[in-house]
Each structure stands twice: as structure tokens, then as C-alpha cells.
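Following: one structure in C-alpha cells, then a few remarks.
A, B, ... follow the sequence lines: proteins, then strands. Residue 1 opens every chain. We use all heavy atoms of the structure for the numbers below, so side chains are in, but hydrogens, waters and symmetry mates are not.
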Amino acid sequence: DTGVSQNPRHKITKRGQNVTFRCDPISEHNRLYWYRQTLGQGPEFLTYFQNEAQLEKSRLLSDRFSAERPKGSFSTLEIQRTEQGDSAMYLCASSLEGNYGYTFGSGTRLTVV
Amino acid sequence: GENVEQHPSTLSVQEGDSAVIKCTYSDSASNYFPWYKQELGKGPQLIIDIRSNVGEKKDQRIAVTLNKTAKHFSLHITETQPEDSAVYFCAASMTGNTPLVFGKGTRLSVIA
């Protein structure tokens with residue numbers, strides 16, 4: 001197993017465009033999390049899934065953000081009408097329910113110009 | 001909701017010295033306290049964690065202590081090496097796989 005995989009690693013987009021990121025968790029993990037990290041800050045929780053069910057969404061997740069995990073495996077995070085304030089590292093993590101701790105991917109760095 | 005504060009924000013130590021990073025949390029319902037190390041361009045990596053039913057845990061040069069009454073926990077790194085240089089984050093959550101609330105991080109520099 002190669003761990004949590006995120007694609008793309010970097011994305012530069014113009015303000016107003018839509019972007020989509022993908023996360024492939026560790027195969028046996030049934031929980032998947034999305035976090036956002038801005039420069040000099042700790043990761044901030046956005047949303048998480050257990051299998052295909054989205055269990056919780058943070059207030060940070062505005063209506064321009066949507067996340068899916070249609071088959072309980074990979075997940076996508078879409079940002080519509082991007083704004084400069086969306087520039088950040090978007091981190092995905094996964095875990096196995098009942099176990100402690102989770103594994104992060106290397107993130108997708110988004111730059112909105 | 002939970003709030004985690006972390007100090008100091010930057011820390012420089014000489015190689016071989018010890019480093020201590022401290023965190024406080026606000027929600028007494030939190031029971032799980034991990035520490036993550038993040039190197040440039042990478043995601044956070046779990047280095048050690050502690051649950052509320054123990055006061056101390058050690059793994060080679062790294063140890064974590066927890067005081068539930070005072071709501072604070074600390075990371076101790078002994079015999080620091082240049083490869084320990086990174087940003088360290090503390091976090092708290094109710095269980096081991098519910099959403100984590102992170103501190104703002106400590107940039108540790110180990111000077112050879």
C-alpha cells in the first residue's frame with residue numbers, strides 16, 4: 001500500500017474557475033477526511049466521510065465547496081467560482097473506524113490568481 | 001467547540017539538547033491527543049499520540065505527557081538531531097478517528 005494519494009500536487013487557477021481535487025485513501029480505511037492548511041497555520045477540518053456517507057461538515061465549507069465519496073473509496077473535493085482566499089494546501093487523510101490516528105496525504109496546493 | 005493553543009511558535013536548540021513543546025485544550029470531552037511532524041512540501045506525519053487514560057507515553061527519543069485536570073499536554077524530544085527540524089503540530093479530538101482540532105504549530109530548528 002502506497003499510503004494516501006492526492007492529485008494533483010499543485011494547481012494554479014484563475015479566480016472564478018472551478019477546480020476539483022482527488023484523494024485515494026489507504027485501501028482498507030473506511031473514514032476519509034478533508035482539511036485545509038494556510039501558510040503558518042495548522043490544518044483546519046472541512047469534512048469527513050464514513051464509507052460513502054458524509055458525516056460532518058465544518059462551517060468553513062461554504063456552499064461553493066462540495067465533497068463526494070460515491071463508492072466509499074476515493075473522494076473528490078470541488079471548489080466552484082474560486083476566490084483568492086481559497087489559496088491553501090488541501091489535505092486528505094484516512095483512518096479505519098475503531099483505530100486511533102489517521103494518515104495524511106501530501107496535499108494539493110491550490111493557488112488562485 | 002474545542003480550541004487548542006500551542007507554544008512556542010518557534011524553537012531553536014543545539015544538536016543534542018532537548019526540546020519541549022506545550023499545548024492546552026479547552027474541551028474536557030477530548031480524549032485523544034496526537035502529535036504530527038510536517039516537513040516542507042509534505043503532509044503531517046503522526047509521530048506519537050496519547051489517550052486520556054494514560055499520563056505519559058514514550059517512544060525512543062520522543063515522549064508525550066498529559067495532564068487532564070489542567071487540560072495540557074507536552075511533547076518532549078531528547079538528544080535532538082538536525083533531521084528533527086520541522087514544524088510540529090499538536091491536536092485534540094474526542095476519539096481516535098473523529099475530526100482533529102490542531103494547534104498553530106511550532107517550527108523547530110536543530111542547529112548542528
Side-chain angles (χ1 to χ4, degrees), chain A residues 2-10 21 23-26 28-51 54-61 67 88-109 111, chain B residues 1-10 21-25 27 30-54 57 59 62 64 66 75 86-108:
Chain A
T2 56
V4 178
S5 177
Q6 291 189 246
N7 288 288
R9 290 296 311 276
H10 303 275
F21 311 139
C23 172
D24 287 88
I26 293 172
E28 62 267 27
H29 285 183
N30 59 348
R31 289 200 172 187
L32 186 148
Y33 312 79
W34 286 99
Y35 283 78
R36 181 173 71 185
Q37 185 177 25
T38 53
L39 206 59
Q41 301 294 316
E44 295 173 295
F45 169 72
L46 293 178
T47 187
Y48 84 110
F49 294 83
Q50 177 164 306
N51 300 313
Q54 190 170 19
L55 295 189
E56 187 175 340
K57 291 193 289 187
S58 160
R59 289 174 298 170
L60 291 176
L61 211 68
M89 175 79 85
Y90 290 84
L91 293 163
C92 175
S94 69
S95 73
L96 185 61
E97 185 188 5
N99 284 6
Y100 279 79
Y102 41 85
T103 303
F104 280 91
S106 292
T108 293
R109 179 165 295 284
T111 302
Chain B
E2 177 65 275
N3 181 50
V4 176
E5 296 198 354
Q6 182 171 348
H7 300 279
S9 57
T10 60
I21 303 170
K22 299 182 179 182
C23 288
T24 60
Y25 63 99
D27 190 346
S30 290
N31 287 303
Y32 176 66
F33 308 92
W35 287 87
Y36 285 83
K37 176 182 181 182
Q38 188 173 29
E39 297 174 321
L40 199 61
K42 297 184 179 180
Q45 178 188 9
L46 179 67
I47 56 171
I48 195 167
D49 56 12
I50 191 166
R51 305 177 204 180
S52 61
N53 58 346
V54 298
K57 182 177 177 181
D59 182 4
I62 295 173
V64 58
L66 171 65
L75 176 72
V87 180
Y88 291 81
F89 292 98
C90 62
S93 72
M94 286 185 61
T95 70
N97 51 26
T98 49
L100 290 168
V101 176
F102 283 82
K104 292 189 174 183
T106 296
R107 181 173 298 280
L108 174 64

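Closest approach of A:Phe21 and A:Pro8 over heavy atoms only: CD2-CD, 4.3 Å. Closest of all the heavy-atom pairs between A:Ala93 and A:Tyr102 is CB-CD1, 3.5 Å.
Looking at A:Ser95 and A:Tyr33, their side chains do bring a donor and an acceptor atom within 3.5 Å of each other.
For a residue to count as touching a neighbouring chain, one of its non-hydrogen atoms must lie under 4.5 Å from one of that chain's; by this rule A:Leu96 touches chain B with the backbone only. For B:Ser93, no part lies under 4.5 angstrom from a heavy atom of chain A. For B:Pro34, no part lies under 4.5 angstrom from a heavy atom of chain A. Contacts of B:Arg107 with chain A are absent, with no heavy-atom separation under 4.5 Å from either backbone or side chain. At a 4.5 Å heavy-atom cutoff, A:Arg109 makes no contact with chain B through either its backbone or its side chain. Looking at B:Gln38, only its side chain comes within 4.5 Å of chain A, counting heavy atoms on both sides.
Top candidate by heavy-atom pairs under 4.5 Å with chain B, chosen from A:Ser106, A:Cys92, A:Gly40, is A:Ser106. Most heavy-atom pairs under 4.5 Å with chain B: of the set A:Gln41, A:Gln6, A:Arg9, this distinction falls to A:Gln41. Interface summary for chain B: among A:Gln37, A:Gln50, A:Met89, the most heavy-atom pairs under 4.5 angstrom belong to A:Gln37.
B:Leu75 places a side-chain heavy atom less than 4.5 Å from the side chain of B:Ile62. Put simply, the side chain of B:Lys104 does not reach to within 4.5 Å of the side chain of B:Ser9, judged on heavy atoms.
By the side-chain contact (heavy atoms from CB on, under 4.5 Å) test, A:Gln54 is found to be paired with A:Thr47, A:Phe49, A:Lys57, A:Leu61, A:Ala67, residues two or more places apart in sequence or in another chain being considered.
Applying the salt bridge (charged side-chain N to carboxylate O under 4.0 Å, His left out) definition to pairs two or more places apart or across chains, those involving residues 91-101 of chain A are A:Arg31-A:Glu97.
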